[in-house]
Amino acid sequence: MDQALKIPVPKLTCEQVDFHGTAQRMLVSYSLFIDRALVLFKKGTTDYVTTTAVEGIPGESAGGALPGAFILAMEGLGSAAPTDYSPVRVEGPILSPTLPDDVMARMKPFIKPLYRCGTSTGRMLLTDRQDCELAAGYSRRPLAGDGAVEGYIYSSVDPVREGQRRPLKLWRHPTLGVYATATLNPGAFTFVRDLGFLPAVGQLPGRDL
């Protein structure tokens with residue numbers, strides 16, 4: 001008999017595999033639904049876009065690796081889609097807007113939505129306020145019925161665990177009235193407030209709840 005003997009191999013989930021004592025290297029992901037990198041883009045000296053709508057090689061989801069591999073992928077915004085922006089930094093991971101119902105029920109007391117706002121000229125803003133900061137010309141920009149929710153971030157930190165989460169901040173240009181959402185001051189901007197918190201670099205998202 002020349003044919004090789006075919007033996008069916010059972011499929012295992014991660015929960016069924018014992019990794020202890022494993023001699024080989026392997027890559028393990030602890031995240032089922034939190035693989036959305038929040039990336040800061042820039043055009044000129046004052047125009048910023050912070051979004052998870054990206055294409056390209058992601059690199060590390062937190063820590064800023066390979067930001068140059070990202071490009072904007074803002075399908076669905078039509079004429080309001082920003083163009084000619086270059087990546088600056090990966091701010092960190094955020095929770096997907098499509099969390100499973102059971103996960104949402106468990107995490108709801110600890111998280112808050114980030115709303116996607118924009119203008120007809122392509123300026124974008126991420127904020128925790130549904131009214132888009134009452135900024136002139138800005139309104140919520142929903143995509144595929146997502147209610148304009150870009151994703152979810154933590155609403156608080158654990159005071160006994162230093163460095164557990166990093167604040168995501170809202171910044172406003174003092175004369176131009178444009179906004180930026182970033183963990184660091186993007187330039188000549190004025191701090192408005194902390195919007196919420198991202199998992200710290202190296203932390204497993206969602207495992208601190």
Side-chain angles (χ1 to χ4, degrees), residues 30-42 48-54 58 60-64 67 70 72 74 87-118 123-135 138-143 146-173 178-187 189-209:
Y30 289 87
S31 175
L32 298 177
F33 43 79
I34 315 174
D35 283 328
R36 307 198 68 174
L38 188 65
V39 183
L40 178 67
F41 292 84
K42 179 181 180 180
Y48 288 89
V49 171
T50 309
T51 180
T52 61
V54 297
E60 298 291 336
S61 61
F70 286 103
L72 277 172
M74 302 295 286
V88 176
R89 181 174 57 252
V90 182
E91 297 292 352
I94 65 172
L95 296 159
S96 168
T98 56
L99 289 174
D101 291 342
D102 59 328
V103 176
M104 174 60 80
R106 176 173 65 88
M107 301 182 76
K108 191 172 183 178
F110 310 103
I111 60 177
K112 63 193 309 187
L114 272 182
Y115 295 100
R116 184 190 315 110
C117 303
R123 294 191 186 276
M124 300 297 294
L125 165 65
L126 279 188
T127 175
D128 60 346
R129 289 177 48 167
Q130 296 190 55
D131 61 12
C132 298
E133 301 294 320
L134 294 175
Y138 285 88
S139 61
R140 278 185 290 165
R141 290 286 192 264
L143 287 171
D146 64 0
V149 175
E150 186 77 15
Y152 293 89
I153 56 178
Y154 294 109
S155 56
S156 62
V157 296
D158 185 344
V160 302
R161 297 180 64 182
E162 184 177 354
Q164 181 191 24
R165 301 174 190 161
R166 296 179 299 139
L168 183 65
K169 304 172 186 290
L170 182 65
W171 310 87
R172 184 178 185 274
H173 195 278
V178 296
Y179 291 85
T181 303
T183 55
L184 302 173
N185 191 335
F189 280 64
T190 301
F191 173 72
V192 178
R193 68 177 182 281
D194 286 334
L195 297 174
F197 302 87
L198 302 173
V201 174
Q203 175 189 345
L204 298 178
R207 291 288 168 143
D208 58 342
L209 300 177

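The side chain to side chain contact (heavy atoms under 4.5 Å, CB included) with L38 is formed by just one residue from the set T51, T183, T52; it is T52.
The backbone N or O of G196 sits nowhere less than 3.5 Å from a side-chain atom of D194 that would complete a donor-acceptor pair. A donor-acceptor contact shorter than 3.5 Å links the side chain of T50 to the backbone of T181.
With contacts defined as side-chain heavy-atom distances shorter than 4.5 Å, the pair R89/P87 does not qualify. Put simply, the side chain of L168 does not reach to within 4.5 Å of the side chain of F197, judged on heavy atoms. Taking 4.5 Å as the limit, some side-chain heavy atom of R193 sits within range of a side-chain heavy atom of T127. Using a 4.5 Å cut-off on side-chain heavy atoms (C-beta onward), Y179 and E133 make contact. In this structure, L126 and R116 have side chains that are in contact, with non-hydrogen atoms separated by less than 4.5 Å. The shortest distance between side-chain heavy atoms of I111 and L99 falls below 4.5 Å. Annotation: side chain of L125 is in contact with side chain of L170 (closest heavy-atom distance under 4.5 Å).
If you take CZ on R141 and SG on C117, they are separated by 8.5 Å, rounding to the nearest 0.5 Å. To the nearest 0.5 angstrom, Y154 atom OH is 11.5 Å from I94 atom CD1. The NZ atom of K169 sits 8.5 Å away from atom CG of L184, with the distance rounded to the nearest 0.5 Å.
Shown here is D101, whose CG atom has no more than 12 heavy atoms of other residues, nucleotides or ligands within 6.0 Å.
Nearest heavy-atom pair, P109 versus R106, reported as atom, atom and distance to 0.1 Å: CD-O, 3.6 Å. Counting all heavy atoms, side chain and backbone alike, R140 lies closest to Y115 at CD-CD2, 4.1 Å. Closest heavy-atom contact between V90 and A37: CG1-CB, 4.1 Å. The heavy-atom pair separating P97 from E150 by the smallest distance is CD-O, 3.6 Å.
Residues that satisfy the side-chain contact (heavy atoms from CB on, under 4.5 Å) test with P186, not counting sequence neighbours, are Y48, W171, A180, F189. Judged as a side-chain contact (heavy atoms from CB on, under 4.5 Å), and not counting sequence neighbours, the contacts of K112 are D128, I153, S155. Qualifying salt bridge (charged side-chain N to carboxylate O under 4.0 Å, His left out) partners for K42, counting only residues two or more places apart in sequence or in other chains: none.
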